[in-house]
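Right, one structure below, let's go through it.
Chain A is the first sequence line, chain B the second, and so forth, proteins listed ahead of strands; every chain is numbered from 1.
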Amino acid sequence: MSLWLLAWQRFLRDRVGIASAIVVVVFIAIAAASAAGWVARDWGKEVGVSYAPPRFVKPNPAEQKAGLAGPSDVSRNDYGIRDPLAPELAEIRAGLAGASPTEKRATSLAFGADKWGRDVLQKAVKGTETSLVVGLASAALAAFLGTLFGAFAGYRGGWVDDFFNWLYSVFTAIPYLLLVLAIAAVLGQKGVSTVILILGLTGWTGIFRLVRAEYLKHKVREYVLAADSIGASDARRMFAHILPNVSHVVLVQLSLHVVLFIKSEVILSFLGFGVGIDTVSWGSMLAEAPSELILGMWWQITAATIAMALAVTAFSLFTDSVRDALDPRLE
Amino acid sequence: MSYLVRRLWQFVPTLAGVILLVFFLFNWVGGDPAYMLAGKIASPEAIENIRRQIGVDQPYWVQLWIFVKQVATADFGASWSTNERVSQIFATRLGPSLTVLIPLLLASTLLSLAVAMLVAYYRGSLTDRAAMIGCTVGQSISILVYILVFQYVLGYQLAWFPVQGWGSTLGENLTRYAVLPIVVGVVVSLAPDIRLYRTFFLDEIGQDYVRTARAKGLGEGRVLWLHVLRNAAIPVATNVLIQLPGLLAGAFLIERFFSIPGIGREVILAVERSDFPVIKAVTVYVAIATMVMNLTADLLYRALDPRVQLK
Amino acid sequence: MMVSIRELRVGFGPVEAVKGVTFDIPEHATVALVGESGSGKSVSALSIMRLLPPNARAGGRVLYRGMDLLTASKKQMRNLRGSEISMVFQEPMSSLNPVFSVGFQVAEALREHRGLARRAARERTLELLQEVGLADPAAKLGRYPFQLSGGEQQRAMIAMAIACEPQLLIADEPTSALDVTVQKQILELLAELKRRRRMSMLFITHDLSLAGSIADEVVVMRAGEIREQGSAKQVFAAPRDDYTRMLLDLRPRLDRPRRPRKRRDDEILLEARGLRKRFDGVEAVKGASFRVLKGKTLGLVGESGSGKTTLGLLVARLHEASGGELRLQGEDAFRVPRLAFKRRLQVVFQNPYASLNPRFSIGQTLTEPMRIHGLGGGEAERRGLAIELLAKVGLTADALFKYPHEFSGGQRQRIAIARALTLRPDLLVCDEAVSALDVSIQAQLLNLLQDLQDEYAMSYLFISHDLAVVKYMADEVMVMKDGEIVEMAGADEIYAEPKHPYTRALLASIPR
């Protein structure tokens with residue numbers, strides 16, 4: 001019975017681990033469904049009145065009257081001041097967009113609507129797709145680079161190690177978020193693939209250091225010496241012998257970095273450097289929050305926070321359980 | 001002494017690497033921001049003019065030489081957006097940043113140490129597990145949410161503290177304007193710090209020398225707060241030192257939203273406006289600060305841990 | 001009776017480590033608690049001090065002068081520990097706090113229990129350090145544990161333990177982590193202190209001979225139960241229990257005759273001249289010259305730091321030599337192509353828990369050398385060969401699909417030997433191959449190695465710190481100290497008439 005199988009059995013006994021794994025799977029399923037277009041496809045459509053409250057909140061008639069009517073009354077802006085040209089402009093806009101200006105809009109949605117009447121719940125779902133795609137892809141990229149560099153640096157030593165250590169010290173001399181922001185500032189363009197590249201190409205350092213330390217440790221272990229004594233080549237020792245003994249560290253790091261990158265992407269999108277305006281992210285939802293909160297519209301920030309908290313907590317607990325299953329410490 | 005000299009020498013290749021990286025990013029990839037800076041409607045002459053002013057019309061190796069000189073003389077020219085001299089920007093913004101950062105670091109370290117020690121001692125108990133889950137959930141909420149919510153509740157609704165802004169005297173800042181940002185900063189760093197320090201403590205509590213101390217008849221209090229803490233202080237102290245430069249730039253979110261005129265806020269503004277000189281300067285300065293902090297951390301490590309022989 | 005233990009039971013989770021143990025420690029007596037790993041001896045001792053980990057359950061009674069220690073209050077225990085009952089542990093390096101000076105740690109006991117002021121404590125500490133035989137005690141006061149040698153650390157620990165004049169000193173394998181020559185000194189120190197201060201001592205060890213040489217009473221434990229107890233004389237002369245008898249028999253004694261060898265030829269297989277190895281400015285091996293005969297065993301004896309392992313790895317070309325010559329059947333061994341060399345010389349390593357890749361199944365471990373060297377036509381044939389080898393070392397075919405963690409230490413070593421045999425080497429380097437195993441298992445493995453040597457006509461370079469084991473296995477023996485070979489002779493001669501003073505010191509420190 002291999003060590004992987006043992007770890008799997010240990011994992012199955014961990015109830016918190018199983019629960020969080022289920023939540024993670026659900027989130028991935030939601031993200032996949034969203035990517036395939038099965039859900040939240042029309043998140044951008046303005047289906048509700050501006051700031052429509054969630055269905056589970058009792059509608060406040062006073063609020064509704066006080067200038068929060070739908071776009072049919074764009075004559076009043078946020079301060080209640082009448083804009084004489086507004087109705088004409090609205091008609092022009094609607095005509096351009098092809099929607100009938102008198103189209104019916106919902107007065108309340110499952111989790112409310114944002115300023116433009118877009119469904120908050122659908123936005124949250126679409127944001128899940130964004131975050132998970134970014135998180136998983138950049139973590140995979142960072143893990144790949146970090147492991148490759150770490151293996152060579154740790155095993156070979158000498159100038160190879162010196163080179164990668166120099167690269168590591170350069171990249172870590174600059175604090176992570178600052179580096180990410182600097183690159184974002186330079187690239188100027190936004191979009192999911194850009195974000196993935198940025199996060200992946202800067203986030204390999206943590207994994208590199210750990211993998212390198214593991215290789216240094218294992219290089220002098222007796223089973224590697226034994227492999228040398230039966231004639232195994234360097235490549236064989238690095239990848240057939242040591243790597244399987246290091247992969248559990250990489251797996252845990254991968255999971256941790258998914259969490260880190262999801263949080264980084266949210267910050268990036270919040271600041272406007274992440275995904276473009278044609279995509280939605282929990283970060284861009286949070287960006288709309290400050291002005292909403294002042295008006296007392298709490299549902300978008302709540303939706304984004306709950307979605308993110310659930311996903312990240314589930315991933316974190318899942319990571320902890322995986323780590324315990326793979327490398328149990330004595331109580 | 002020779003160790004110190006040798007380590008300082010090692011700064012050179014790293015700094016060179018940072019300079020190259022920054023140069024590569026901003027002068028090569030970032031290339032030609034003249035269009036952006038010139039404004040929407042600009043004549044070709046205006047654009048050429050700007051190019052000459054910011055120096056991108058020169059060949060690359062000349063630009064690199066200029067940059068190296070800038071780093072050496074600590075003079076990065078003027079900000080592209082405000083035209084303020086970059087060195088001036090730094091001098092004036094450092095103060096507010098530190099006014100928030102230092103109390104924040106002190107408060108969060110002491111608080112998380114105490115909680116981590118208690119939680120590590122009662123490892124496996126309900127308190128421990130509840131605290132750990134609490135930390136996990138707490139960490140899963142973005143710092144942005146903390147800032148927004150605290151601003152809204154404590155600043156806007158309850159009006160205990162100003163929502164944003166900065167005062168003119170140190171005293172005024174510490175008691176009014178800095179309080180909310182510090183509170184938010186402490187709350188945000190509690191969760192990861194507690195988890196980290198708990199690990200340090202657990203590592204130490206499981207060591208043989210703790211068993212010996214108990215076998216000597218020492219009380220639990222002395223064992224924990226003297227024997228264990230003294231050993232755990234080593235990774236904790238080095239951890240705090242290493243975090244410092246990252247905090248400087250990382251507190252930018254807090255500074256931005258509380259309108260604190262610190263370095264972090266400058267960074268965000270510069271990024272939003274593609275103000276390359278400022279970003280370049282900050283990156284280089286922070287990189288140097290990081291290297292200095294790492295060296296200090298190593299020296300501190302040596303001072304705290306007698307086993308470490310500096311080679 | 002100073003201490004009376006009645007029906008002590010200790011469990012961790014579902015496992016019962018101690019299953020109802022009853023024995024006494026009289027006043028002014030030394031009681032030895034003997035057992036192999038897992039016997040429960042250390043756990044029993046820790047119960048007296050109530051230093052068990054928090055998840056332990058303890059039952060029964062531990063009476064110290066009438067007071068039941070298992071039910072005493074925490075305060076009472078704290079007062080007792082370090083002042084009336086003290087303990088010395090096995091690993092002095094990790095048992096001392098690394099960030100406080102030695103003087104501070106010894107003085108701490110004095111200040112805690114005797115309320116001494118700082119200067120008085122310092123003076124008393126100086127006296128104690130002198131009493132335990134530390135050279136230059138004034139300088140040692142301010143030193144940190146890592147600055148002391150293993151023996152000095154242990155002396156410091158002992159000073160800490162006796163500082164408050166305890167009635168009972170518990171010593172848990174105090175010498176097992178130390179070099180043989182130092183062991184003897186520490187044992188003498190403990191005996192002297194016990195006599196002078198009229199303490200009782202509970203001495204825990206896995207070495208029955210050692211127990212016999214210092215104890216008044218002996219208690220033999222196995223798997224949590226007591227198998228035999230009585231006065232030392234009686235247990236050694238007329239043991240009542242089978243297990244005790246087996247332990248007595250299995251001690252490789254210096255006077256036991258060796259197996260007669262089957263081969264008689266004296267052909268030289270391996271010859272080394274002036275081998276040197278330098279690490280970072282330190283000469284680990286300083287010019288070693290020796291030869292190994294075909295079919296015979298050359299034993300290499302030395303303490304830790306002598307360079308014996310480095311020499312073994314040099315011979316196996318796992319380290320690169322800094323100088324010297326090595327000839328394998330006349331050829332320059334350093335020039336032989338790598339793979340060809342590996343077929344003629346293999347290694348069995350010390351740590352059975354580290355020498356097998358934990359992620360490889362046994363089948364993978366055994367067939368890998370075949371695959372690398374192109375032996376065996378296909379996977380099926382290789383498996384067949386692997387099964388044969390397993391049988392040779394006494395394991396069944398279903399081991400192929402299992403993983404190292406499913407086997408005991410002794411079984412893993414057998415697998416490691418099988419792996420070394422896949423290539424049918426001419427020379428096998430055994431680097432402390434049995435040192436990490438329990439005594440009862442050691443004997444089996446040594447016999448296995450000898451059987452295989454006869455069958456395959458292999459030569460052995462047998463490296464060990466254990467003189468008795470080396471004598472049992474080797475035809476010729478060389479003794480190494482500080483990187484040099486100080487003496488080399490036939491096995492019988494070297495033990496009967498050692499010439500070099502170091503060899504004599506080594507032989508003298510073996511307990512009889």
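With rounding to the nearest 0.5 Å, the separation of CZ in A/Arg237 from CG in C/Asn357 is 13.0 Å. The line from OG of A/Ser2 to CD of C/Glu406 is 9.0 Å long, rounded to the nearest 0.5 Å.
For C/Ser355, the parts sitting under 4.5 Å from any heavy atom of chain A are the backbone and the side chain alike. Contacts between C/Leu356 and chain A at a heavy-atom distance below 4.5 Å involve the backbone alone (N, CA, C, O). Of the atoms belonging to C/Ala316, not a single heavy atom falls under 4.5 Å from chain A.
For C/Arg338, the CZ atom sits in a packed shell: over 12 heavy atoms of surrounding residues, nucleotides or ligands are nearer than 6.0 Å. Counting non-hydrogen atoms of other residues, nucleotides and ligands closer than 6.0 Å to CZ of C/Arg424 gives a total of 12 or fewer. Around CZ of A/Phe144, the count of heavy atoms belonging to other residues, nucleotides or ligands within 6.0 Å does not exceed 12. Within a 6.0 Å sphere centred on CZ of A/Arg209, other residues, nucleotides and ligands contribute 12 heavy atoms or fewer.
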Problem set entry | Worked verdict on C/Tyr353 versus A/Glu222 for side chain to side chain contact (heavy atoms under 4.5 Å, CB included) | CA-CA 9 Å; C/Tyr353 298 93; A/Glu222 288 184 357; over 6 Å; no
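Nearest heavy atom pair, residue A/Arg236 against residue C/Arg371, reads NH2-NH1, 3.6 Å. A pairwise comparison of heavy atoms in A/Ile230 and C/Gln346 identifies CG2-OE1, 3.7 Å as the closest pair. The two residues A/Ala226 and C/Arg419 make their nearest non-hydrogen contact at CB-NH2, 3.2 Å. Scanning both residues, A/Ala240 and C/Phe360, for their nearest heavy atoms gives O-CE1, 3.3 Å. The heavy-atom pair separating A/Ala232 from C/Glu368 by the smallest distance is CB-OE2, 4.5 Å. When every heavy atom of A/Asn245 is checked against every heavy atom of C/Pro358, the shortest pair comes out as OD1-CG, 3.2 Å.
For the set A/Ile242, A/Asp228, A/Leu225, A/Leu6, the entry with the most heavy-atom pairs within less than 4.5 Å of chain C is A/Asp228.
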